[in-house]
Amino acid sequence: MLSKSFRAVVTATASAGVGLTAFGDRPLLITTVAGMGGIFALGWPGLLGLPARQGTSVLLLATIAAGVSLQWLTGDLAYAALGFGVVVVAAFVLQLLRRDGRPRLVESVAGAVTGAAVLTSGVGWLAVGTGPSRLGCCWWGR
């Protein structure tokens, strides 16, 4: 188990990474968002203590991959939201495929869907765009 101070340092570093790469090239921001999403997908089920950790991690990795890919290919955040709807259905299918008697079913579904919502929200960074002018427009509403 990672210590709380180490988790805080990793979180602060990841936040600074998104902030700094938002001023750089678009592929750098895409890589940063996908990397942070991958780390989140691997750690989220363990942090919540979900019973189906491997399945939930795979579902969350698919969520970030689909969200980043759809945003990159289409440039429209609506497709990432559509992908989130598919992930919600997939979270229920994941529970149907469990073989362990499905203990803590509600917590497992809620954890998977909440993690997918966080990852889909992270894809929103890609919709903002890169460069100081795009971020300035986002911050000041112009």
Side-chain angles (χ1 to χ4, degrees), residues 1-139 141:
M1 185 78 172
L2 300 175
S3 68
K4 290 182 182 180
S5 61
F6 181 74
R7 278 188 262 165
V9 168
V10 169
T11 302
T13 304
S15 299
V18 168
L20 292 174
T21 58
F23 288 100
D25 293 332
R26 185 148 178 87
L28 186 60
L29 180 62
I30 290 171
T31 304
T32 303
V33 170
M36 284 179 42
I39 293 169
F40 179 87
L42 295 175
W44 182 255
L47 181 67
L48 297 183
L50 298 178
R53 291 182 185 177
Q54 290 178 345
T56 304
S57 287
V58 169
L59 179 73
L60 294 178
L61 286 170
T63 300
I64 192 67
V68 168
S69 299
L70 288 170
Q71 177 61 32
W72 180 54
L73 292 173
T74 65
D76 191 0
L77 197 57
Y79 289 103
L82 180 65
F84 173 70
V86 171
V87 168
V88 170
V89 174
F92 284 101
V93 171
L94 174 68
Q95 298 307 313
L96 291 173
L97 296 176
R98 281 178 51 191
R99 295 279 212 204
D100 59 353
R102 296 187 206 126
R104 298 176 35 212
L105 180 66
V106 174
E107 291 90 345
S108 188
V109 171
V113 171
T114 303
V118 170
L119 289 173
T120 304
S121 299
V123 172
W125 277 103
L126 300 176
V128 172
T130 58
S133 61
R134 294 293 300 264
L135 291 176
C137 291
C138 177
W139 287 332

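Computed from a predicted structure; not experimentally measured.
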Check: [Y] and [X] side chains under 4.5 Å, non-hydrogen atoms:
X	Y	answer
W125	V18	yes
V93	L97	yes
L61	L42	yes
R98	P103	yes
L60	W44	yes

Given 3.5 Å as the limit, does a donor-acceptor pair link the side chain of R26 with the main chain of W72, or not?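 Here the side-chain-to-backbone pair does not exist.
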With distance as the sole test, does D76 use its side chain to make a donor-acceptor pair with the main-chain N or O of A78 at under 3.5 Å?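 Between the backbone of A78 and the side chain of D76 there is a qualifying donor-acceptor contact (under 3.5 Å).
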Would you give the length of the straight line joining atom [atom1] of [X] to atom [atom2] of [Y], rounded to the nearest 0.5 angstrom?
X	Y	atom1	atom2	answer
D25	L29	CG	CG	10.0 Å
F23	L28	CZ	CG	13.0 Å
T11	I39	OG1	CD1	10.0 Å
I64	T120	CD1	OG1	7.5 Å

For [X] and [Y], work out which heavy atoms get closest and say how close.
X	Y	answer
Y79	L70	O-CD1, 3.3 Å
A91	V113	CB-CG2, 4.0 Å
S108	L50	CA-CD2, 4.0 Å
Q71	V123	CB-CG1, 3.8 Å
A41	L119	CB-CD1, 4.5 Å
A116	V87	CB-CG1, 3.5 Å

